[in-house]
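Since the structure comes first, as structure tokens, the remarks are kept for the end.
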There are 2 protein chains.
Amino acid sequence: MSENAGRWLRDEIENSILSNEFSPGERLDEMVLATRFGVSRTPVREALMQLDAIGLIEIRPRRGAIVIDPGPHRVYEMFEVMAELEGLAGSLAARRLDKASREAIAATHSRCEQSAAAGDSDAYYYDNEEFHKAIYAAGRSEFLEEQCLQLHRRLRPYRRLQLRVRNRLSTSFSEHCAIVDAIFAGDGDEARRLLRTHVGIQGERFSDLVASMAAR
Amino acid sequence: MSENAGRWLRDEIENSILSNEFSPGERLDEMVLATRFGVSRTPVREALMQLDAIGLIEIRPRRGAIVIDPGPHRVYEMFEVMAELEGLAGSLAARRLDKASREAIAATHSRCEQSAAAGDSDAYYYDNEEFHKAIYAAGRSEFLEEQCLQLHRRLRPYRRLQLRVRNRLSTSFSEHCAIVDAIFAGDGDEARRLLRTHVGIQGERFSDLVASMAAR
DNA sequence: GTCAACAATCGTGTATACAAGAATTGCGCT
DNA sequence: AGCGCAATTCTTGTATACACGATTGTTGAC
């Protein structure tokens with residue numbers, strides 16, 4: 001447990017929400033959470049306030065906290081913003097690429113190649129995440145990196161769903177290749193464009209996501 | 001006072017920070033805030049946790065909360081992201097513009113024209129804000145709109161500083177004109193491009209900002 | 001039988017008390 | 001006199017108690 005019960009609880013509850021242990025719309029009872037995690041209501045409340053500020057739950061005055069249910073349309077909007085931010089990160093990365101970032105991108109990219117070749121979608125899910133994080137970091141904008149990481153966390157479950165779609169794994173990897181090429185070539189505009197379409201969920205990719213969401 | 005002391009305090013303290021009543025780096029003593037606002041420490045702590053989640057303050061475990069000091073470089077990074085988000089909002093607005101949004105943009109735009117003509121930089125500051133908010137709303141993406149509003153709030157003090165720079169007021173308004181034209185013409189790419197450069201603080205605009213920040 | 005009003009219960013919002021870790025100050029030592 | 005260590009004090013972190021509003025269940029009337 002972290003040195004601070006409030007922070008620890010925030011992460012704990014956040015993970016429970018993102019891993020769908022608490023269903024969207026579910027009411028989070030402070031007392032239940034408190035006994036479950038073996039603390040008093042005070043740190044639980046602090047954790048809930050933070051999750052509310054992040055946007056994962058909604059606290060209705062005097063009526064408790066409920067897990068926010070981002071419907072397909074809202075998830076689409078979130079991916080739309082994510083695509084924009086990643087595009088910016090990519091374009092900055094292409095312009096500012098240094099040796100360390102280049103190696104980080106190359107390393108995570110080759111790990112993606114391996115898990116894609118093995119058809120291991122769980123491994124690819126993880127490696128893909130590291131690949132994108134490497135790009136965020138390569139942009140050399142701390143604020144942008146933080147924003148990307150935060151939004152990435154919220155979209156993580158849906159990114160995972162997406163990978164289960166047929167052929168998505170190999171398609172994703174070939175898109176990665178083009179992205180890496182553009183960044184390494186210093187072509188910021190191209191990197192931006194490629195990342196936007198890679199991350200965005202236009203057309204059938206959106207239908208796939210909706211289908212996956214409905215399937216749960 | 002809002003029905004909820006925690007929310008109320010959050011807004012209250014947030015305003016105090018943004019209006020520079022609490023200086024960056026300053027330590028926020030829970031007991032002092034509690035007595036000042038006539039409440040106990042509990043709601044104060046809840047407000048502080050939320051401000052920490054938003055990124056306005058930093059709570060160091062067992063060492064209290066301090067107001068975050070975004071140096072010029074970080075402010076630049078924040079404007080960079082803001083420019084990207086506003087660009088997206090503008091491009092969506094151009095594509096999805098409906099009657100109500102069109103009227104809202106036209107109305108706020110003409111109010112900007114009046115205050116710009118009058119050389120009233122305080123009035124322009126307010127009208128300009130409404131103009132940009134009209135564009136966020138016209139994008140018809142609730143999530144994007146929320147993100148834009150949140151970042152806008154954090155950058156508000158700096159936007160104000162910028163307007164004090166010589167000629168900035170009329171330059172800003174003529175940029176607005178071009179933006180409105182692009183959006184009304186349905187030219188999403190152009191609206192995006194114009195908004196990016198309008199909001200971003202490249203080159204001398206950045207130096208101006210740094211100078212203004214240092215002047216305080 | 002259904003609807004409405006009232007009462008009881010449950011859960012949140014706030015205050016206060018207590019515990020534990022940092023900061024600070026004073027004392028002793030070199 | 002300066003530095004280091006220790007004790008005290010101050011502040012944060014957590015628990016608990018109390019108050020108020022919301023929800024729900026029951027009873028009575030139409």
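All chains are named by letter (A, B, ...) in the order of the sequence lines, taking the proteins before the strands, and each is independently numbered beginning at 1.
- Spacing between atom CZ of A/Phe37 and atom C1' of D/dA15 amounts to 18 Å, rounded to whole angstrom units.
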Give the C-alpha distance, both sets of side-chain angles, the deciding distance and a yes or no for side chain to side chain donor-acceptor pair (under 3.5 Å) between A/Ser172 and A/Tyr124.
CA-CA 10 Å; A/Ser172 170; A/Tyr124 188 82; 2.7 Å; yes

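- Taking the six-membered ring where tryptophan is involved, the planes of B/His152 and B/His132 are tilted, since the angle between them lies from 30° to 60°.
- Taking atom CD on B/Glu46 and atom P on D/dT12, their separation rounds to 16 Å, with Å as the unit.
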Reading nucleotides 6-12 of chain C 5' to 3', which nucleotides get B (base under 4.0 Å from a protein heavy atom), which S (sugar-phosphate only), which -?
-----BB

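- An OP1 or OP2 oxygen of D/dT14 is reached within less than 4.0 angstrom by no side-chain nitrogen or oxygen of A/Thr42.
- Taking the side chain to side chain contact (heavy atoms under 4.5 Å, CB included) definition, one finds that B/Glu204 meets it with nothing, sequence neighbours left out.
- A/Arg159 forms no cation-pi arrangement with A/Tyr125, by the criterion of a distance under 6.0 Å to the ring centre and an angle within 45° of the ring axis.
- A sub-4.0 Å separation between OP1 or OP2 of D/dT14 and a side-chain N or O of A/Asn4 is present.
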Go through it in stages, so that I can follow the logic: the residues are A/His176 and A/Asn128, the test is side chain to side chain donor-acceptor pair (under 3.5 Å), and I'd like the CA-CA distance, side-chain angles, deciding distance and then a yes or no.
CA-CA 9 Å; A/His176 280 201; A/Asn128 176 58; 3.0 Å; yes

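- Using a 4.0 Å cut-off between charged nitrogen and carboxylate oxygen, B/Arg156 and B/Glu129 count as a salt-bridge pair.
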